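Read the structure below first, then the notes.
Only a predicted model underlies this, so the values are computations on that prediction, with no experimental measurement involved. In this chain, numbering begins with 1 at the start of the sequence shown.
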Amino acid sequence: MNLLGVMNGSHAALRAMHPRGRGVFINVSSFGGRLPMPFAAAYSASKYGVTGFTEALRDELAATSAIAVCGVYPGFVDTPTDIHSANYTGRALRPVPPVLAPERVAEALVSLAHRPRRSVRLGLHHALAGPYALAPDTTGRAVASLARRFLLESGPNAKPSDGILYGPMREGTGARGGWGQPTRRRAGRATLSALAGLTILAGLVGFARHTLAGRPS
């Protein structure tokens, strides 16, 4: 429902906004809608869909109205998603730190309602855009290794769970989920170091390719 929910909700809201010629759409995508998320391919595909839909809708409405269309792109957020998500990996899901507080995302949404902007990007994970642009293959392999470690291997053993795939559940009804809380600070430092190293590596690879491409054959 990541994509279809946004599309259906926008269609319903547009019925009220379009006759007045004004209003504000705020569609929540993800950093996974700008950059690929290894081991979350289906999720990334749905969020790329939200991004494409939001961009296209903005241009369509700009031609006929003053309706603003905003995109929000948060990184991992401390919500109960680890409880709600179906999980058959054998381990509890863990995010790739740092993790955003849900209040920070909520504040961004309220701010856009008052002062619409094209997009808001939240979280350090967006810094990967540079390395991906310079050396996509090298960066992709490194990110996949990091994602596998955190998402699939670092959590404690856990029984298979359908989450809320087939119905609601009593657990995880609050805004916060404590996602990754026990090891957040240590993991955050490790991620910062990995990101810095990855940026340097991507820069070297990109520079080497540029240099080789400029040499006469």
message: Pair Leu151, Arg91 - check side-chain contact (heavy atoms from CB on, under 4.5 Å), show working.
response: CA-CA 9 Å; Leu151 292 173; Arg91 289 184 176 275; over 6 Å; no
Show me the pairs that pass salt bridge (charged side-chain N to carboxylate O under 4.0 Å, His left out) and involve [range], at least two apart or across chains.
| range | result |
| --- | --- |
| residues 96-106 | Glu103-Arg176 |
| residues 153-172 | Arg148-Glu153 |
| residues 3-32 | none |
| residues 108-126 | Glu55-Arg118 |

From [atom1] ([X]) to [atom2] ([Y]), nearest 0.5 Å:
| X | Y | atom1 | atom2 | value |
| --- | --- | --- | --- | --- |
| Ile67 | Glu60 | CD1 | CD | 11.0 Å |
| Asn87 | Leu165 | CG | CG | 12.0 Å |
| Ile26 | Leu112 | CD1 | CG | 5.0 Å |

Which pair of heavy atoms, one from [X] and one from [Y], lies closest together, and at what distance?
| X | Y | result |
| --- | --- | --- |
| Pro131 | Ala127 | CD-O, 3.2 Å |
| Pro116 | Val24 | CG-CG2, 3.7 Å |
| Ser46 | Leu3 | O-CB, 4.0 Å |
| Phe39 | Ala144 | CE1-O, 3.2 Å |
| Ala147 | Pro38 | CB-O, 3.9 Å |
| Gly21 | Ser65 | O-CB, 3.7 Å |

query: For residues Asn27 and Thr54, is any side-chain donor paired with an opposing acceptor at under 3.5 Å?
result: yes
Got a donor-acceptor contact below 3.5 angstrom from the [X] side chain to the [Y] backbone?
| X | Y | result |
| --- | --- | --- |
| Asp59 | Ala63 | no |
| Arg94 | Gly155 | no |
| Arg58 | Val69 | yes |

Is there a chain of hydrophobic side chains (I, L, V, M, F, W, Y, each step under 4.5 Å between heavy atoms) that links [X] to [Y]?
| X | Y | answer |
| --- | --- | --- |
| Leu4 | Val28 | no |
| Leu14 | Val50 | yes |
| Leu35 | Tyr73 | no |
| Leu100 | Leu124 | no |

query: What residues form a side chain to side chain contact (heavy atoms under 4.5 Å, CB included) with Ser111, not counting sequence neighbours?
result: none
- prompt: Can you name the residues that form a side chain to side chain contact (heavy atoms under 4.5 Å, CB included) with Ala45, not counting sequence neighbours?
  reply: none
side-chain hydrogen bond (donor to acceptor under 3.5 Å, both in side chains) against [X], all qualifying residues, sequence neighbours excluded:
| X | result |
| --- | --- |
| Thr81 | Ser85 |
| Ser145 | none |
| Thr51 | Ser29 |

query: Are the side chains of Val77 and Val99 in touch, meaning some heavy atoms are under 4.5 Å apart?
result: no
- request: Please examine the side chains of Pro102 and Asp78, heavy atoms only from C-beta on, and report whether any two atoms are closer than 4.5 Å.
  value: yes
- request: Can you tell me which residue pairs pass the ring pair (Phe, Tyr, Trp, His ring centres under 6.0 Å) test with a partner in residues 81-120, sequence neighbours excluded?
  value: none
query: Tell me the ring pair (Phe, Tyr, Trp, His ring centres under 6.0 Å) pairs involving residues 19-38, sequence neighbours left out?
result: Phe31-Phe76, Phe31-His125
- prompt: Given Val6 and Phe53, is the side-chain contact (heavy atoms from CB on, under 4.5 Å) satisfied, shown in steps?
  reply: CA-CA 9 Å; Val6 170; Phe53 173 77; 4.0 Å; yes
message: Applying side-chain hydrogen bond (donor to acceptor under 3.5 Å, both in side chains) as the test, list every pair that has at least one member in residues 32-44; sequence neighbours left out.
response: Ser30-Tyr43, Arg34-His126
